[in-house]
Amino acid sequence: MKSHHDIYNSSTEFTPATFTLVGIPGLEAEHIWISIPFCLMYTIIFLGNGIILYIVRFDPALHQPMYFFLAMLAFVELGVSVSTLPTVLGIFLFGINDISFGGCLLQMFSMHSFTLMESGVLLAMSVDRFVAIYSPLRYTTILTIPRISWMGVTIASRSVVLMFPLLLLLKRLPFCSHNALTHAYCLHSDLIKLPCGDTRPNSIFGPFVISFTFGLDSLLTVISYVLILHTVLGIASRAGRWRALNTCASHTSALLVDYAPVVSLSLIHRFGHHLPLLLQTVMAKVYLFFPPVANPIVYSIKTREIRRSTVHTLSKKRGVVSQRIL
């Protein structure tokens, strides 16, 4: 006899009809209060990254490679946030803890694909900084719009192609009666703990995907910055060296914002099995929410052109609203 949580397929293997998302274990009674910071973070994410996309699209002064890559980063971070929003707000605001099997796999695929794209965009931005410093006179002729578009398509294609096998490998596995996930969204590392079948292919391919994306991108980013430092040290004047390094300030801040949570979460998963489940759950949320919140703020503070265009756009919008009211 089937339970309401399971459906029976033709190959005599059980597949859960729904998964139960716990949210933050042990704090179920406080969900309505926990929803307040999440709503605030989503507001900052959508406003901050939305403004960056808007000003890069409509301000001719920002039609340069550096800002096109920044728009890519803002778009990818919006993608990560859109992927998590339905279940996060569903749990904390409305008490909806169930998600369908297909919906869970779709969320996992979407969320992880966008996080892999984020790594690729950060690498592309480091290449952009190297070209700008190494060959400033040919900067815009090397990084043309078609080449930037090709880089964006390549980054997106790589992420989707690498995530698709993980989706198929999970879908083929039989699951046990236990169907509770410890987060407010479907993570591959969480889902892989539930099946009854052989998960070795997933356990092998998962680290391969991480190595081929985060690992390779991190290595190439470090190489880019070694070349940048070598180029900067060859500049004769101290003022010139400082000016060149200053153009990398926003990107290095973005790297710290993105990679610090990734490294921390990896260390916790590898060595922190004895740590409280609450800490592991909170770090998983920091990993997904901190970069989209912090990056628009970092770029607005560190990049004068972004700050100027943002202030100008907001002032113009406020003026239009005032005229309509009057």
Side-chain angles (χ1 to χ4, degrees), residues 9-16 18-19 21 76-77 79-80 82-84 87 99-124 151-176 178-222 258-259 261-273 280-281 283-288 291:
N9 64 27
S10 58
S11 59
T12 69
E13 292 177 349
F14 286 96
T15 301
T18 61
F19 289 108
L21 301 169
V76 167
E77 290 181 335
V80 174
V82 168
S83 301
T84 62
T87 52
I99 182 172
S100 68
F101 179 74
C104 191
L105 292 185
L106 178 62
Q107 184 183 54
M108 181 209 75
F109 178 80
S110 173
M111 185 172 54
H112 286 311
S113 294
F114 277 115
T115 54
L116 296 182
M117 289 179 208
E118 193 171 23
S119 173
V121 172
L122 289 170
L123 171 59
M151 291 168 75
V153 170
T154 302
I155 290 166
S157 301
R158 180 190 70 165
S159 303
V160 171
V161 167
L162 286 173
M163 276 304 303
F164 200 69
L166 281 178
L167 185 70
L168 295 179
L169 287 170
L170 260 178
K171 195 171 183 180
R172 71 173 179 82
L173 289 170
F175 284 75
C176 303
H178 178 58
N179 69 336
L181 299 171
T182 55
H183 298 285
Y185 34 75
C186 298
L187 290 173
H188 180 264
S189 58
D190 214 9
L191 280 166
I192 202 63
K193 298 173 184 176
L194 301 184
C196 308
D198 183 12
T199 61
R200 280 177 298 178
N202 298 69
S203 300
I204 293 170
F205 193 71
F208 167 76
V209 170
I210 293 172
S211 300
F212 193 70
T213 52
F214 287 106
L216 182 61
D217 293 347
S218 302
L219 176 62
L220 294 176
T221 299
V222 169
D258 280 83
Y259 279 109
V262 171
V263 172
S264 301
L265 187 62
S266 299
L267 291 174
I268 286 175
H269 279 165
R270 179 68 181 84
F271 303 107
H273 300 294
Q280 298 181 44
T281 306
M283 280 306 303
K285 287 173 175 53
V286 170
Y287 155 69
L288 283 178

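Note that this is a predicted model, so its numbers are computed, not measured.
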Quiz item: Should Phe114 and Val82 be marked as a side chain to side chain contact (heavy atoms under 4.5 Å, CB included) after you check the CA-CA gap, both sets of side-chain angles, and the distance that decides it?
Solution: CA-CA 10 Å; Phe114 277 115; Val82 168; over 6 Å; no

Practice problem: Just do the side chain to side chain contact (heavy atoms under 4.5 Å, CB included) check on Leu21 and His183 with the steps written out, would you? | Solution: CA-CA 6 Å; Leu21 301 169; His183 298 285; over 6 Å; no

Quiz prompt | Residue pair Tyr185, Lys285: steps toward the side chain to side chain contact (heavy atoms under 4.5 Å, CB included) verdict | solution = CA-CA 10 Å; Tyr185 34 75; Lys285 287 173 175 53; 3.3 Å; yes

Quiz prompt | Test side chain to side chain contact (heavy atoms under 4.5 Å, CB included) applied to Leu187 and His112, step by step | solution = CA-CA 8 Å; Leu187 290 173; His112 286 311; 3.7 Å; yes

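Note that CZ of Arg200 and CG of Leu169 are 13.0 Å apart. Values are rounded to the nearest 0.5 Å. With rounding to the nearest 0.5 angstrom, the CD1 atom of Ile155 is 9.0 Å from the CG atom of Leu122. For the atom pair CE of Met108 and CE of Met163, the computed distance is 4.0 Å after rounding to the nearest 0.5 Å. Going from atom CG of Leu116 over to atom CZ of Arg158 covers 7.0 Å, rounded to the nearest 0.5 Å. Atoms CZ and CG, on Phe101 and Leu106 in that order, are 12.0 Å from each other to the nearest 0.5 Å.
In terms of heavy atoms, Asn202 sits closest to Leu166 at ND2-O, 4.1 Å. The shortest heavy-atom contact between Glu118 and Pro291 is OE2-CB, 3.8 Å. Closest approach of Ser113 and Ser159 over heavy atoms only: O-CB, 3.4 Å. Here the shortest heavy-atom pairing between Asp217 and Thr221 reads O-OG1, 2.7 Å. Of all heavy-atom pairs between Pro201 and Arg172, the closest is CG-NH2, 3.4 Å. Taking both residues in full, the closest heavy atoms of Ile192 and Pro195 are given as O-CD, 3.3 Å, listed atom of the first, atom of the second, then distance.
Between Leu105 and Phe109 the shortest side-chain heavy-atom distance does not fall below 4.5 Å. Between Leu194 and Leu181 there is a side-chain heavy-atom pair separated by less than 4.5 Å. The closest side-chain heavy-atom distance from Val121 to Glu77 is not below 4.5 Å.
The side chain to side chain donor-acceptor pair (under 3.5 Å) check on Thr84 picks up Tyr42, with sequence neighbours excluded.
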Report, one line per pair, each donor and acceptor closer than 3.5 Å where one atom sits in a side chain of residues 204-214; sequence neighbours left out.
from   : atom 1 : to     : atom 2 : distance (Å)
Ser211 : OG     : Pro207 : O      : 2.8
Thr213 : OG1    : Val209 : O      : 2.6
Thr213 : OG1    : Ile210 : O      : 3.4

